[in-house]
Amino acid sequence: MSAEKGSAWHAQREKPRAAEPLPGQGRRFRGRGAGGAMAIFSVYVVNKAGGLIYQLDHYAPRADAEKTFSFPLDLVLRLHDERVVVAFGQRDGIRVGHAVLAINGADVNGRFTADGKDVLEFLGNAANYPVSIRFGRHRLSSNEKLMLASMFHSLFAIGSQLSPELGSSGIEMLETDTFKLHCFQTLTGIKFVVLADPRQSGIDSLLRKIYEIYSDFALKNPFYSLEMPIRCELFDQNLKLALEVAEKAGPFGPGS
């Protein structure tokens with residue numbers, strides 16, 4: 001994962017961690033931010049070898065920008081990582097770096113339209129206009145999520161080795177201007193990673209709650225094998241419930 005400008009990671013000395021979640025009760029806070037926006041974005045579970053064994057996207061993506069264009073297209077598009085992205089020109093919610101997500105209501109597949117045509121060639125043909133194009137931040141593929149989980153596993157180890165103190169736990173939090181990444185590693189090496197809004201607190205308790213859910217609904221499942229992908233309906237249900245409770249109970253927003 002490429003860190004944004006101004007990002008910082010914090011490595012702290014290893015402290016004894018209990019397998020049971022912290023209570024975190026006795027305080028009341030405001031719930032979600034304005035408009036009911038999700039404050040917890042996603043959850044990753046990484047095994048001790050660095051393999052991604054579970055991932056959940058918990059947020060509703062920001063509204064994509066869709067417009068009908070006439071020829072010639074007044075945006076400069078280019079190919080980047082097998083996706084067609086905006087290289088120059090910003091208007092009506094369309095920003096540089098946004099990818100072409102759909103053409104005439106049909107989702108595109110990377111650099112190709114739904115019927116297999118090259119997107120840049122299609123948009124360069126005046127006969128295809130007027131055309132409706134939907135732009136937005138591209139969605140990570142399964143392979144990209146696997147790669148990023150493995151990269152974070154390596155960064156976690158590097159953070160531990162760079163620490164001037166012995167017994168460092170590695171990266172526990174990575175902060176940017178748009179999100180915070182929180183990580184909790186168990187004594188057996190399993191990492192639970194939560195990406196949340198920078199204003200959302202109570203994540204430490206949530207991470208331990210996820211550990212409890214993992215222990216109850218994955219480890220105690222006779223059909224689950226250690227270090228393998230987690231495919232358990234009860235795990236999914238209880239994790240989603242824990243995220244909703246954390247969003248409603250945790251402080252969120254200015255002055256909370």
Using modelled atom types only, decide if a donor and an acceptor are shared between the side chain of Asn128 and the backbone of Phe122 within a distance under 3.5 Å. yes
Could you go step by step and tell me if Val76 and Val86 meet the side-chain contact (heavy atoms from CB on, under 4.5 Å) rule? CA-CA 6 Å; Val76 178; Val86 179; over 6 Å; no
Can Arg95 be said to sit on top of Phe135's aromatic six-ring, NZ or CZ under 6.0 Å from centre and within 45° of the ring axis? no
Within-4.5 Å side-chain heavy-atom neighbours: Val108 and Val84: no
Minimum heavy-atom distance Ala242-Lys209, with the two atoms named: CB-CG, 4.0 Å
Verify whether one side chain among Ser215 and Glu212 offers a donor that lies under 3.5 Å from an acceptor in the other. no
Pairwise distance CZ(Arg78) to CG(Leu120) - rounded to 0.5 angstrom: 11.0 Å
Output yes when Glu233 and Lys240 qualify as a salt bridge under the 4.0 Å nitrogen-oxygen rule, no when they do not. no
Does Leu77 share a hydrophobic cluster with Ile103, counting links as ILVMFWY side-chain heavy atoms below 4.5 Å and allowing steps through other members? yes
Is it true that atom CG of Asn109 has more than 12 heavy atoms of other residues, nucleotides or ligands lying nearer than 6.0 Å? no
side-chain contact (heavy atoms from CB on, under 4.5 Å) between His153 and Lys48: does it pass, once the steps are laid out? CA-CA 8 Å; His153 175 76; Lys48 62 183 180 182; 5.7 Å; no
Where is the tightest heavy-atom contact between Val96 and Ala87, given as atom of each residue plus distance? CG1-O, 4.0 Å
In terms of hydrophobic clustering (I, L, V, M, F, W, Y; side-chain heavy atoms under 4.5 Å; direct or indirect links), are Phe41 and Leu174 co-clustered? yes
Spell out, as yes or no, whether a donor-acceptor pair under 3.5 Å connects the side chain of Asn238 to the backbone of Ile213. no
Residues in ring pair (Phe, Tyr, Trp, His ring centres under 6.0 Å) contact with Phe71, at least two apart in sequence or another chain: Tyr129
With hydrophobic residues grouped by side-chain heavy-atom distances under 4.5 Å, do Leu73 and Phe112 end up in a single group? no
Short question: side chain of Ser225, backbone of Met228 - any donor-acceptor pair under 3.5 Å? no
When rounded to the nearest 0.5 angstrom, what distance separates CD1 in Ile40 from CD in Glu247? 4.5 Å
Rounded to the nearest 0.5 angstrom, the CD-NZ distance for Gln185 and Lys191 is 4.0 Å
To the nearest 0.5 Å, atom SG of Cys183 lies from atom CG of Leu155 at 11.0 Å
Polar side chain donor-acceptor pair, Ser42 to Gln55, under 3.5 angstrom: no
Evaluate salt bridge (charged side-chain N to carboxylate O under 4.0 Å, His left out) for Glu144 paired with Arg83, printing each intermediate quantity in order. CA-CA 13 Å; Glu144 287 173 322; Arg83 296 184 180 86; 3.0 Å; yes
For the pair Gln200 (side chain) and Ala246 (backbone), establish whether a donor and an acceptor sit closer than 3.5 Å, ignoring hydrogens and angles. yes
Lys/Arg N to Asp/Glu carboxylate O, Asp197 vs Lys180, below 4.0 Å: no
Specify whether Phe192 and Tyr211 have parallel, tilted or perpendicular ring planes, treating 30° as the upper limit for parallel and 60° as the lower limit for perpendicular. tilted
Heavy-atom side-chain proximity of Leu239 to Phe217 below 4.5 angstrom: no
Please report the interatomic distance CG(Leu226) to CD1(Ile190), rounded to the nearest 0.5 Å. 7.5 Å
Can you tell me how far the CG atom of Leu206 sits from the NE2 atom of His182, to the nearest 0.5 Å? 9.5 Å
Would you mind checking if Asp57 and Lys145 are paired as a salt bridge, meaning a charged N to carboxylate O distance below 4.0 Å? yes
Flag if over 12 foreign heavy atoms under 6.0 Å of CE, Met147: yes
Val43 side chain near Val193 side chain, heavy-atom distance below 4.5 Å: no
Steps toward side-chain contact (heavy atoms from CB on, under 4.5 Å) verdict (Ser132, Glu66): CA-CA 7 Å; Ser132 176; Glu66 185 167 4; 3.0 Å; yes
Are any of the side-chain heavy atoms of Val100 and Val85 separated by less than 4.5 Å? no
Could you check Ile94 against Ile133 for side-chain contact (heavy atoms from CB on, under 4.5 Å), going step by step and ending with a plain yes or no? CA-CA 10 Å; Ile94 302 170; Ile133 309 176; over 6 Å; no
Could you tell me whether the side chain of Asn47 and the main chain of Gly50 form a donor-acceptor pair under 3.5 Å? yes
Report yes if some heavy atom in the side chain of Val194 is under 4.5 Å from a heavy atom in the side chain of Leu207; otherwise report no. yes
Mind listing the closest non-hydrogen atom pair of Pro198 and Thr178 along with its distance? CD-O, 3.4 Å
Tell me, do Asp216 and Phe235 make a side-chain contact under 4.5 Å, heavy atoms counted? no
Partners passing side-chain hydrogen bond (donor to acceptor under 3.5 Å, both in side chains) against Tyr54 (at least two apart in sequence or in another chain): Asp236
